[in-house]
Amino acid sequence: MKSGSKISHGMLLAVLAGSFVLTNPASVFAEAKDFSGHWASSQITKWMDKGYIAGYEDGSFKPDHSITRAEFITLVNKSFGFTEKTSVDYKDVSPGQWFYDEFAIAKAAGYISGYEDGTVRPNNKITRQEAAVIVGKLLKINGATAENNAQNFIDSSAMASWSKGSIAVITGKGIMHGYPDKMFKPGNAISRAESVVTLDQALSMINASPQPAGTQYDKAGTYGPAAGTETIEGNVVFAASDVTLQNTIITGDLTLAESVGEGTAHLQNVTVKGTTTIKGGGANSVYAADSTFSKVVVNKKGGGVHIVASGATNMDSVTLQSGGKLEQGKLTGTAKGFSNVTIEASDQAAITLSGSFNSVSIHGNASIELSGGTIDNLEVEKGANHPLITLLSDITVKNFTANDAVKVNGTGKIENAKANANGVSFAQKPVNLQTAQGIQVSIGSTGGGGGGGGSSSSSGSGGSSGSVLTGNSITIGSDYNGRTLDSLQVSQDVTITANNFTLKNVHIPGNLKMTAANKINLENVTVDGVTTLQ
């Protein structure tokens, strides 16, 4: 459990419970004693003895001081045993800086992601709500269903929407705590002592988790009876590539271990009553035929797992914590293949879903391609942080809900769409579109809409955009220079600052303002209010 933990959250730098590490570990001393009598003294002493942390050059530890993101990442790498590196391209992390390798390790381990501007802000302090989210990711805890429990804190209104669920779960498990005044103080910087205790609790929970045990297949081959059915009591582990299991009922969990590598696994007439965890497999890897799974979790370092469901296979719940492909093969009878899919992968992890699905719920900013069937319900959850969805021409989405900013490309069909957040854009107009009050949507482009009552933008130039802007009050800016907008859904005012622009077939219930110096053509436009040239 000390490698491959995936921890990230869209818009924030994955900074866990702000832990404590010095910016230059070589320049510290281990004899810091200013925490004697401190409430966290036992945990601090334990972690210093393990070599995870040290004090400052003056011999102090400063348990109640804050910690930077870079210091914290160094501590996480040490305590969780992460060592593998990958390339990093953050704008504010450069070779030669002491924390460069630490960020390369952290990114490889999958527990950090940068901000939208390409930075990770290594010298910023870590907040308590950032800590809660990342601890949740470390422990693979989904707090989406527990958000209401955050209301136990009187300052729950100060919590960011992307942190409430995690705070509720992490505090509910006793990993983090509020203050005596019943406040959580989500925006406060977490102290060094709080960081050590929180990480210590997280590691204790991981170490206490039951490890896969029972039957293990560590050599390639075919296992299980050729006829009839065998029941294996307990857990099963695939520890090698090219393993085939047939005609078997597993009462516990099934794990495809990292040692499967880029190899394959075949499951023929297998029922898994526990959780199936997939940590290994490659581009042509996991084949399930006539098999039943209650819960499947895909968490392979580096992603790329390809799972094919065929015959009478049913996977009731699939959670993608890393990139991969779910493919619906030829199904028989009433089999549904993959029923309900939750996407937690982020960092633009590549995910492909091919086939028909009951529901797809997106929690991370992955890059998702949908094709070859029908999706009954597709939902972008709060905190997903700008995922990219591409609908190929052979996919139909019956109901789409966007609770966070998202870009929807491609020529696939959306029958009913509802936008509950700004920053939603569609390349193709849904058949039916609803927007929450004050929300703008951009259609006909890959550009995102602006804030409520502000401007919507669209990329490209020249010709007719064929796009639709939706909102209360809309500003049509320079992104529309030289273009035509042939549909507009607005409930109040419109301001046009674009040049060489044509607006067609529009009813404006409020006022229209235009820049007098620009060339603006109006065709079949009705304005109920006042038209002003400014």
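When reading the values below, keep in mind they use all heavy atoms of this one structure, side chains included, and skip hydrogens, waters and symmetry mates. Residues: numbered from 1 along the sequence shown.
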Within a strict 4.5 Å, meaning less than it, do heavy atoms of the [X] and [Y] side chains meet?
X      : Y      : value
Ile53  : Leu75  : yes
Thr248 : Thr229 : no
Leu256 : Lys279 : no
Ile126 : Thr68  : no
Phe400 : Val360 : no
Ile278 : Val296 : yes
Phe338 : Asn314 : no
Ser161 : Lys382 : yes

> What's the verdict on salt bridge (Lys or Arg N to Asp or Glu O under 4.0 Å) for Lys85 and Asp101, showing C-alpha distance, side-chain angles and the deciding distance?
Replying inline: CA-CA 7 Å; Lys85 301 177 185 178; Asp101 284 347; 3.3 Å; yes
Any side-chain to backbone donor/acceptor pair from [X] onto [Y]? Under 3.5 Å, distance only.
X      : Y      : answer
Asn299 : Leu320 : no
Asp394 : Gly372 : yes
Gln201 : Thr198 : no
Lys295 : Asp316 : no
Ser163 : Ala160 : yes
Gln246 : Gly224 : yes
Asn235 : Asp253 : yes
Ser259 : Ala239 : yes
Ser294 : Gly274 : yes
Thr276 : Val272 : no

To the nearest 0.5 angstrom, please state how far the [atom1] atom of [X] sits from the [atom2] atom of [Y].
X      : Y      : atom1 : atom2 : value
Asp290 : Leu331 : CG    : CG    : 10.0 Å
Asn409 : Leu392 : CG    : CG    : 11.0 Å
Ser356 : Ile395 : OG    : CD1   : 6.5 Å
Lys336 : Thr313 : NZ    : OG1   : 14.5 Å
His363 : Thr319 : NE2   : OG1   : 8.0 Å
Ser87  : Phe103 : OG    : CZ    : 15.0 Å

Closest contact, heavy atoms only, [X] versus [Y]:
X      : Y      : result
Thr396 : Glu415 : CG2-OE2, 3.8 Å
Ile443 : Gln428 : CG2-C, 4.0 Å
Ala345 : Gly323 : CB-N, 4.3 Å

>> Among Asp404, Val424, Val408, exactly one meets side chain to side chain contact (heavy atoms under 4.5 Å, CB included) together with Val380. Which residue is that?
In response: Asp404
>> Can you tell me which residue among Val236, Thr244, Val237 is in a side chain to side chain contact (heavy atoms under 4.5 Å, CB included) with Tyr217?
In response: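 The single option meeting the side chain to side chain contact (heavy atoms under 4.5 Å, CB included) with Tyr217 is Val236.
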Can you see whether [X] engages [Y] through a side-chain donor-acceptor pair at a distance of less than 3.5 angstrom?
X      : Y      : value
Thr264 : Asp242 : yes
Glu379 : Asn403 : yes
Asn340 : Ser359 : yes
Ser361 : Glu381 : yes

> Should Asp92 and Val120 be marked as a side chain to side chain contact (heavy atoms under 4.5 Å, CB included) after you check the CA-CA gap, both sets of side-chain angles, and the distance that decides it?
Replying inline: CA-CA 7 Å; Asp92 49 357; Val120 287; 3.5 Å; yes
>> Please determine whether salt bridge (Lys or Arg N to Asp or Glu O under 4.0 Å) holds for the pair Arg69 and Glu130, giving the CA-CA distance in whole Å, both sets of side-chain angles, and the decisive distance to 0.1 Å.
In response: CA-CA 10 Å; Arg69 301 177 186 276; Glu130 291 173 335; 2.9 Å; yes
>> For His266 and Tyr287, take the angle between the two ring planes, folded into 0 to 90°, and tell me which bin it lands in: parallel under 30, tilted 30 to 60, perpendicular over 60.
In response: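 It falls in the parallel class, under 30°.
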> Would Asn385 and Trp162 count as a side-chain hydrogen bond (donor to acceptor under 3.5 Å, both in side chains) if you check the C-alpha gap in whole Å, the side-chain angles of each, and the deciding distance to 0.1 Å?
Replying inline: CA-CA 9 Å; Asn385 190 32; Trp162 45 260; over 6 Å; no
> Yes or no on salt bridge (Lys or Arg N to Asp or Glu O under 4.0 Å) for Glu369 and Lys325, after CA distance, side-chain angles and deciding distance?
Replying inline: CA-CA 9 Å; Glu369 180 182 279; Lys325 179 177 182 178; over 6 Å; no
> Between Lys407 and Phe426, is NZ or CZ placed under 6.0 angstrom from the six-membered ring centre and within 45° of the ring axis?
Replying inline: no
